[in-house]
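Comments concern the structure below.
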Amino acid sequence: MTDRQRPAPESESDLAVGDEERGVYETIFCEMEDAVFLIDVEAGDAGYDFRFRRTNASHQRLTGISLEEIRGKTPRELLGEEQGAAVAENYRRCVEARETIEYEEALALPEGRREWQTRLSPVVDEGSVTRIVGVARDVTEQRERERTVQRIKDRLELAVEGANLGVWDWDVTTDEVEFNDQWAEMLGHSLDEIEPHLDAWERRVHPDDLPAVEDALSAHVDGETEYYDAEHRMRTASGEWKWIRDIGKVVERDEDGGPVRAVGIHLDVDEQKRREEELRRTRRLIERTQESASIGWWEVDLVDESLTWSDEVYRIHELPTTESVELEDGIQFYHPDDRDAIESAFERLRTEGESYDLELRIVTTTGETRWVRAIGDPRFGEDGAVTGALGLFQDITERREYEAALESTREELRQIIDLVPDLVFVKNREGEYLLANEATAAAYGKTPEEVEGKTEAEIIPDVEDSEAFRQDDLEVIESGEPKAVGEETLTTADGETRILQTTKIPYEAPDTGEDAVLGYARDVTELKEYERTLEEQRDNLKLLNQVVRHDIRNQLMVVESYTEFLEESLPDEQSRTYARTVIGAARQAADITETARDVTDVLLQVGADQEPVDLRTELTEQIEQIRSDKDRATVTVDETIPDVTVLADDLLEAAFRNLLTNAVVHNDKDVAEITVSTSVSDETVRVSIADNGPGIADDHKAQIFQEGEKGLESGGTGIGLYLVKTLVDRYGGDVWVEDNEPTGSVFTVELRRAD
């Protein structure tokens with residue numbers, strides 16, 4: 001096919017299928033969400049000729065190219081030389097492979113740049129590939145989201161790596177500790193060399209530092225301090241000791257307030273501690289000798305134009321002390337960008353007698369750039385004219401590098417704070433925001449830059465909110481004690497009222513030292529709404545329980561009593577049989593209300609504590625109750641019920657009552673024969689309730705304890721045994737059913753002993 005030829009119009013012969021099947025394929029082709037296209041393929045001497053034949057509606061919508069615009073076009077004619085060549089190359093691979101290929105591509109289209117997952121399948125006719133069917137899925141948004149997530153992840157990893165933070169995560173219940181790579185590398189180890197356990201960490205702490213560290217950790221775990229913060233030495237892989245600042249916090253506690261999980265970071269402060277020690281030694285030397293090995297002196301005589309350096313100045317410049325330096329050469333050691341500053345300062349000293357104190361860069365004789373502090377004071381002659389200068393020269397490279405690293409760390413930490421979804425802020429005594437993360441600013445419809453430096457009254461939309469927050473801030477600043485505000489409202493810039501849980505702690509601004517308050521507020525609006533819904537549901541459940549336990553039960557007792565009275569006066573046996581049926585139904589309904597009461601009590605006592613319960617008392621009371629209520633049942637106790645206590649609560653009686661009632665209600669004998677037996681071990685007690693009923697099929701034994709399961713086609717609710725299972729599971733026990741001999745079932749409850 002030449003460039004001027006176009007494919008013939010499609011006909012029914014294009015697809016070797018019947019009309020009905022062709023209609024199905026046509027519908028699928030047109031309605032597919034993905035972009036579908038059909039390519040005509042013709043082989044020639046110069047290669048393959050590919051031309052678009054058809055596209056579906058999704059293809060036209062996603063690409064912005066209509067069928068009329070694309071039909072008969074080659075990839076180069078449609079997409080341009082560069083893109084078209086790349087697309088045609090993929091078509092060629094499909095033809096030559098003679099099998100389906102998949103790949104991803106990005107194309108600049110009328111609707112904009114889009115990314116696709118493309119699948120090409122060849123259509124073989126009489127041994128040759130005559131067409132290609134393509135299906136392309138638009139993954140532009142998906143790939144952009146993936147890139148966004150990766151960027152955020154990269155930034156977080158960069159923040160941790162840039163700040164060189166060693167991170168630990170301590171499971172207090174098992175004493176297992178997880179560490180990150182930086183933590184291990186800080187001590188010269190690889191991560192797989194670190195045993196993930198608290199004991200291993202303690203063995204690395206310097207013995208002289210361990211007691212203080214343990215005291216600080218125990219105080220925080222016991223809730224005496226807001227954070228755990230300690231500085232101590234740790235043994236490195238080389239056997240040396242490195243100073244670490246260890247900061248952490250318990251982030252999860254159990255319902256009793258006991259610690260469950262704590263997280264924290266290790267900061268390498270070894271260089272800082274060593275510098276501090278070096279500074280202390282330097283100060284002691286200065287006090288004794290009035291000079292320091294790290295500070296050199298220099299002197300200029302303007303009369304004879306001479307320059308004198310001390311040995312330390314030579315060392316800083318990496319210049320031999322035997323080499324002399326001319327006055328005009330001294331300026332040349334400074335960095336080209338700083339020469340104007342030192343020349344201007346020295347000129348003012350020479351002409352005006354003005355001292356200077358500058359921090360500048362020099363370039364040593366080996367080409368290294370170093371930061372120095374240069375101090376110069378004029379010397380005057382008898383006539384008051386400047387005759388020379390005397391000054392100090394100090395290498396401050398490490399300090400400047402530390403300050404640069406500190407500033408970089410501050411920026412990275414600020415990025416982390418802005419990623420926190422909760423409100424984080426710092427305000428001074430006047431209510432001015434010293435810091436506001438993006439979540440805080442967003443609540444007021446502003447950016448952090450628009451909030452910081454402004455007072456609270458200028459930022460917060462609602463005046464009442466501002467006054468309430470201001471009062472809490474001042475209370476924390478004045479008392480010096482943290483304050484937790486369990487629930488407070490905030491009106492956002494959109495006029496929406498949000499509920500916050502806020503913690504405020506006293507804080508000292510690092511730049512000015514002024515008193516301030518650091519706040520952390522979590523939006524719990526949805527949580528509070530959920531809690532209110534649960535409370536309403538509990539109230540409704542309590543009301544329903546009251547109706548079931550009192551009103552309905554009382555009415556059933558009236559039905560039972562009056563029917564019993566009427567039974568005696570009925571004229572024939574059939575009528576009396578009906579009356580007895582009513583009485584039985586009323587009693588069964590009363591039993592159902594009893595079970596409903598028990599279920600409601602279970603639902604209302606979620607999280608109730610277990611306590612020692614006397615087994616003999618609870619079980620005996622229920623046996624006597626069954627003997628009294630069920631006139632067609634006999635209950636035999638096999639040996640004496642042991643005098644032991646088990647871990648349960650006041651609903652244990654409901655478990656026994658439902659098992660005993662179940663043995664009677666589901667019994668097909670005229671007299672239900674029930675046998676209760678017990679066995680005691682060191683840790684558990686088993687109570688078995690056997691009956692002479694029809695028994696339970698093996699394939700049904702595992703299901704009868706499920707909610708709503710009924711046995712023997714009974715008219716009950718099917719929740720009695722489910723209630724038993726729920727209670728026993730709560731007590732940490734077990735319940736199961738076995739066959740009785742010669743007939744019937746044996747239900748066994750195993751409970752933990754309290755003693």
Side-chain angles (χ1 to χ4, degrees), residues 591 594-595 597-599 601-602 605-667 669 671-696 701-702 704-705 711 719-755:
D591 289 341
E594 189 77 13
T595 301
R597 182 199 69 179
D598 295 337
V599 172
D601 287 341
V602 170
Q605 291 186 10
V606 173
D609 293 334
Q610 298 173 25
E611 57 186 7
V613 177
D614 187 273
L615 178 68
R616 177 186 293 175
T617 299
E618 296 296 330
L619 185 53
T620 301
E621 287 181 358
Q622 297 310 311
I623 292 173
E624 294 302 325
Q625 189 67 39
I626 288 295
R627 287 171 174 168
S628 173
D629 294 345
K630 309 297 182 182
D631 51 5
R632 72 178 192 91
T634 63
V635 183
T636 303
V637 179
D638 188 4
E639 298 183 356
T640 304
I641 299 174
D643 184 13
V644 295
T645 57
V646 295
L647 284 174
D649 54 29
D650 56 3
L651 288 175
L652 178 61
E653 64 175 21
F656 291 142
R657 180 171 64 252
N658 276 277
L659 288 175
L660 291 167
T661 302
N662 185 73
V664 177
V665 172
H666 300 302
N667 202 305
K669 305 298 190 296
V671 177
E673 298 177 359
I674 303 171
T675 301
V676 179
S677 60
T678 57
S679 62
V680 181
S681 68
D682 292 340
E683 297 182 356
T684 62
V685 178
R686 289 185 178 181
V687 178
S688 297
I689 299 175
D691 62 63
N692 63 335
I696 301 171
K701 286 186 175 69
I704 59 174
F705 295 106
I719 63 174
L721 292 179
Y722 169 71
L723 173 63
V724 174
K725 176 67 173 174
T726 300
L727 287 171
V728 173
D729 285 347
R730 176 188 293 181
Y731 304 151
D734 196 6
V735 59
W736 63 89
V737 62
E738 298 173 330
D739 293 333
N740 195 14
E741 294 296 339
T743 183
S745 303
V746 180
F747 284 83
T748 301
V749 174
E750 184 177 73
L751 300 170
R752 295 182 298 160
R753 293 184 61 175
D755 54 351

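Because the structure is a prediction, the values reported are computed rather than measured.
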Of all heavy-atom pairs between V746 and A690, which one has the smallest distance, and what is that distance?
CG2-CB, 3.7 Å

Set out, in order, the CA-CA distance, both residues' side-chain angles and the distance that settles side chain to side chain contact (heavy atoms under 4.5 Å, CB included) for I674 and V664, then state yes or no.
CA-CA 8 Å; I674 303 171; V664 177; 3.5 Å; yes

Please check: side-chain N/O of R752 versus main-chain N/O of Y731, any donor-acceptor pairing under 3.5 Å?
yes

So, taking the atom named CZ in F747 and the one named CD in E738, what distance separates them when rounded to the nearest 0.5 Å?
11.0 Å

Between the side chains of N692 and N667, is a donor N or O closer than 3.5 angstrom to an acceptor N or O?
yes

Tell me whether T743 contacts the main-chain N or O of G693 through its side chain, where contact means a donor paired with an acceptor under 3.5 Å.
yes

So if I apply the side-chain contact (heavy atoms from CB on, under 4.5 Å) rule between L751 and each of V687, L652, T684, which one comes out positive?
L652

Between T726 (side chain) and Y722 (backbone), is there a donor-acceptor pair under 3.5 Å?
yes

Find the distance between CG (L721) and CZ (F705) and round it off to the nearest 0.5 Å.
5.5 Å

Between CD on residue Q625 and CZ on residue F656, distance to nearest 0.5 Å
15.5 Å

Nearest-0.5 Å distance, OG1 of residue T617 to CD of residue Q622
11.5 Å

Quick check: do V676 and D638 have side-chain heavy atoms less than 4.5 Å from each other?
no

For D691 and S745, indicate whether the former's side chain and the latter's backbone hold a donor-acceptor pair under 3.5 Å.
yes

Donor-acceptor check, side chain of R753 to backbone of S681, threshold 3.5 angstrom: yes or no?
yes

With a 4.5 Å limit on heavy-atom distance, are the side chains of T634 and V671 in contact?
yes

Can any side-chain N or O of R616 pair as donor or acceptor with the backbone N or O of I641 at less than 3.5 Å?
yes

Kindly compute the distance separating CG (L619) from CG (L660), expressed to the nearest 0.5 Å.
7.0 Å

Minimum side-chain heavy-atom gap V613-T645 below 4.5 Å
no

Does A654 offer a backbone N or O that forms a donor-acceptor pair with the side chain of N658 under 3.5 Å?
yes

Output yes when a side-chain donor or acceptor of K701 lies under 3.5 Å from a complementary backbone atom of I696, and no otherwise.
yes

Does the side chain of Q610 pick up a donor-acceptor pair with the side chain of R730 at under 3.5 Å?
no

From CD (E611) to CG (D649), nearest 0.5 Å
7.0 Å

Closest non-hydrogen atom pair between L727 and A655, with its separation
CD1-N, 4.0 Å

With a 4.5 Å heavy-atom cut-off, do D643 and D614 have their side chains touching?
yes

Under 3.5 Å, is there a donor-acceptor pair between the T748 and S688 side chains?
yes

Give the minimum heavy-atom separation between A663 and A672, together with the two atoms involved.
O-CB, 4.2 Å

